[in-house]
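Quick caveat: nothing in here was measured; it's all calculated off a predicted structure. In what follows, every heavy atom counts, from backbone to side chain, and hydrogens, waters and symmetry copies are set aside. So that the names make sense, note that chain A is the first sequence line, chain B the second, and so on, each numbered from 1.
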Amino acid sequence: MLIWMMILMPVMAGLLSWVIRGFVARSILLVVTASVHAGLVGWVWTQPLTPEAHAWLGIDALSLLFLSVTSGLFLVVAVYSVGYLRREAVHRVERDFEEGVLFSNAPEARFVGCLLLFLASMTLVLVSRHLGLLWMAVEATTLASAPLIGFHRHHRSLEATWKYLLICSVGIALALLGNFFFAVAASHSEQTVHLTLSTLLSHAPALNTTWLKAGFLLCLVGYGTKMGLVPMHTWLPDAHSEAPSAVSALLSGALLNCAFMGILRSHSVMVAAHLGRFSGDLLVGFGLLSIGVAAALMIVQTDYKRMLAYSSVEHMGILALGVGLGGVAGYGAMLHTVNHSVTKALLFLCAGNILAAYQTKEIQGTSALIKRLPVTAVFWLIGILAITGSPPFGLFLSELTILKGAVQTGHWISAGLYLLGLGMVFVVMMRAVLAMVFGPAPSETIMQTEPPDSVWPLLALVAVVLGLGLMVPAGLDRVLHAAATCGGML
Amino acid sequence: MATWMDVTAVLVILLNLRLLCTSRLGTCIQTVAQQAVLLGLIAFLQHGSDLGVELILIVLSSVAIKAGLLPWLLFRSLRQCNTSREVVPFVGFSLSGLIGLAMLAVCFSMADRLALSELPCQTLLIATGLFTIVTGLFLIVSRKKAITQVLGYLVMENGIWAFGIAFALQEPLLVEMGVLLDVLVGVFVMGITINHINREFDHIDTDQLSVLRD
């Protein structure tokens, strides 16, 4: 009942957005829906988590953890978007920052509507306990978010939208084939097993191992495309850099987690079938490759939003690594999911403020942030320090936990490569960002200052990033442990 | 019954080869639609006597969407784009055909290893499914126009469906319907995006969508 409300309410609100008129009504709709959704998720925290055995929808610890992140971020982004849309609505036709061509935005009703449908589809991904339903929901997230990426209708954003739609749809189609392979593996045992998670988990040892392995590989490639694992990441930097910053924040902070969920669910089935080593090694391999390639590509970036996008690829690699190693590192990966989502959303929203003030995405063209946008500059610096894993922020803690896990299980080479990647990213990002924040002031006069409603929603994110670095509350710790167990890591 | 199934499966394979070799976009769209009808037929033949209401519903709606609604959407977007009705390939048509034949051989040898039962018709169906998936992927990477890439995606989807039929996999009605809905909305959104691309660029050649790169 509660779950149905969490899914259907944003759907209704999303459809309503096309019907109602007026900016104020639509803003209220967006913020109220986001708040109610967050309230419902908050209420789940007070309830015992016992998903029914054969139910298709249910909330276990893993769902709850990811759902809280998604819902919380969505609320912040909703509040931020209201201010953003108000400023965008002033101009009917805009001039493109980079090439000076004229373009107009997609209608606001579509933006708000798709945003809400996006929330509904992500919720469905996170609460699905049937692999087929999960697949369907992941594909739905692609379709709901594609119009958001193409919100500014100019040729670069259309290119990004097209790549996103096609690459992700094809990738996800492979995951469907992977689901079919799981079904074949299941039909080969004595009794027919349905693709609900609980039945798959309880019958896992009896399933055909060859088909399971092939199925997992397809799911990893399929959902990995959407999660942004190298070498299937090619859509990610384009989509993240061309989408409006509020959307980039959701893509990076919430959508990538949904794809990660698909991989986690398949991994948990593999672990139950005693094939955890096979799937774990694959995850470690993809993870290290993603960290390395992302770190290398970050060096040549001249665009700060693309730099953030590659940082997302890197962090998805870290998550895959943590889950693949399992044990302590698995717990670290769960903590890292929360930390990364919050921090990356903070950074993308800051990037949105910087873009609005400087009208350029070039790192070179942005300097003296601290004088022109003092609050954003401080948040931006905090975010960058956090995302590169500096203490005392949450990511330091979770990255250290994953390292500890790697060392404890004797994966010395993985640990070394992981540290090397993190070190490279730290140097590259710091070099770029320090110049942006403290560089000499540009000669032209100040055109725009930061509006308060583009800054204060970010305060919540800063508080969480800092808070999680200082301490992990007991309740969260319990859920993190339970989530790692659900994902087959403990 | 088995003979008919073999004949239909071979027809699906031939349609794949036709997709690889034809130069007209309209023919390609029709071919994909015909393929969907044939796959629906195979589903009926495979299940033979034990046809449930659920299955009939799934197959009929799948055929209606994939052979009726989607081709209509694609033809409409083709008309609106006012583009030439030719497939523009990166890989020539005769070479595509030859590559197709080679892929077919590989798919048959793989299907031999994948088949779970000794029934020969299952091997043929698995090979058909795999070959259809590979044809779809090949169309996506080897053709220039955005519409051909959507067609490739649909062909791939058909292949996955054929694979499901080969193993008599029955997902629950809700999931099947959801998958169909996703494909439908997916093609719809892709069609809209193609229209926007056409308006912005005056063409729908994806090789010229290359501003964003590292």
Side-chain angles (χ1 to χ4, degrees), chain A residues 56 98-99 101 103 106 130-133 135-140 142-144 146-147 150 153-167 169-170 172-174 176-177 179-181 183-184 186-188 192 194-195 208 210-211 214 234 237-239 241-242 297 300-301 306 310, chain B residues 113-114 116-117 126 129-130 133 136-137 140-141 146 149-150 152-154 156-157 159-172 174-190 192-201 204 206 208-214:
Chain A
W56 286 30
E98 286 173 37
E99 291 157 61
V101 291
F103 70 96
H130 184 286
L131 292 185
L133 192 64
W135 181 89
M136 201 188 100
V138 172
E139 175 67 16
T142 312
L143 302 176
R153 285 190 197 141
H154 52 60
H155 63 111
R156 274 172 292 111
S157 78
L158 282 173
E159 181 183 334
T161 313
W162 182 252
K163 282 184 185 168
Y164 173 65
L165 260 177
L166 200 77
I167 295 175
S169 297
V170 170
I172 294 290
L174 289 179
L176 180 63
L177 192 61
N179 276 350
F180 278 176
F181 274 44
V184 173
S187 66
H188 207 50
T192 6
H194 295 289
L195 282 181
N208 180 316
T210 321
W211 283 91
T234 46
D238 299 348
S241 63
E242 295 308 324
L297 281 173
V300 296
Q301 294 309 317
R306 279 184 91 83
Y310 276 109
Chain B
R113 258 171 280 166
L114 280 176
L116 291 174
S117 61
I126 297 174
L130 284 178
I133 295 172
L137 283 173
I140 293 173
V141 293
Q149 295 184 329
V150 179
Y153 170 65
L154 279 177
M156 205 179 141
E157 199 72 43
I160 294 175
W161 215 65
F163 192 85
I165 301 171
F167 288 99
L169 296 178
Q170 266 198 57
E171 295 218 49
L174 185 67
V175 173
E176 290 275 6
M177 289 295 163
V179 171
L180 264 180
L181 186 71
D182 273 342
V183 174
L184 175 63
V185 179
V187 172
F188 187 67
V189 175
M190 285 177 190
I192 293 176
T193 315
I194 289 179
N195 277 345
H196 285 311
I197 290 176
N198 182 54
R199 210 174 305 153
E200 185 69 38
F201 293 80
I204 52 170
T206 47
Q208 291 179 43
L209 296 179
S210 57
V211 184
L212 303 174
R213 61 164 132 204
D214 292 307

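Remark: B:Leu181 CG to A:Glu139 CD distance equals 10.5 Å, nearest 0.5 Å. To the nearest 0.5 Å, atom CD1 of residue B:Ile140 and atom CD1 of residue A:Ile167 are 10.5 Å apart. The structure places CG of A:Leu176 at 12.0 Å from CH2 of B:Trp161, a figure rounded to the nearest 0.5 Å. Within the model, atoms OG1 of A:Thr142 and CG of B:Asp182 stand 8.5 Å from one another, a figure rounded to the nearest 0.5 Å. Rounding to the nearest 0.5 Å places CE of B:Met190 at 12.0 Å from OG1 of A:Thr161. A:Glu159 CD to B:Thr193 OG1: the interatomic distance, rounded to the nearest 0.5 Å, is 13.0 Å.
Evaluation of the side-chain contact (heavy atoms from CB on, under 4.5 Å) rule for B:Ile192 yields B:Phe188, B:His196 as partners, not counting sequence neighbours. The ring-ring contact (aromatic ring centres under 6.0 Å, His included) search around A:Phe181 returns A:Trp211, B:Phe163, not counting sequence neighbours.
Between B:Glu200 and A:His155, the closest heavy-atom pair is CG-CB, 3.7 Å. Nearest heavy atom pair, residue B:Met156 against residue A:Val170, reads CE-O, 3.6 Å. What you find for A:Phe180 and B:Ile160 is that their closest heavy atoms are CE1-O, 3.3 Å. Minimum heavy-atom separation, B:Leu209 to A:Lys163: O-CE, 4.1 Å.
A:Ala160 touches chain B through backbone and side chain together, each having a heavy atom under 4.5 Å away. Heavy-atom distances place the side chain of A:Leu195, and not its backbone, under 4.5 Å from chain B. Heavy-atom distances place both the backbone and the side chain of B:Gln149 under 4.5 Å from chain A.
For the set B:Thr206, B:Val150, B:Ile197, B:Ile133, the entry with the most heavy-atom pairs within less than 4.5 Å of chain A is B:Ile197. Interface check for chain B: of the options A:Thr234, A:Asn179, A:Leu165, A:Thr210, the most heavy-atom pairs under 4.5 Å are formed by A:Leu165.
Counting only heavy atoms from C-beta outward, the side chains of B:Val175 and A:Trp135 never approach each other to under 4.5 Å.
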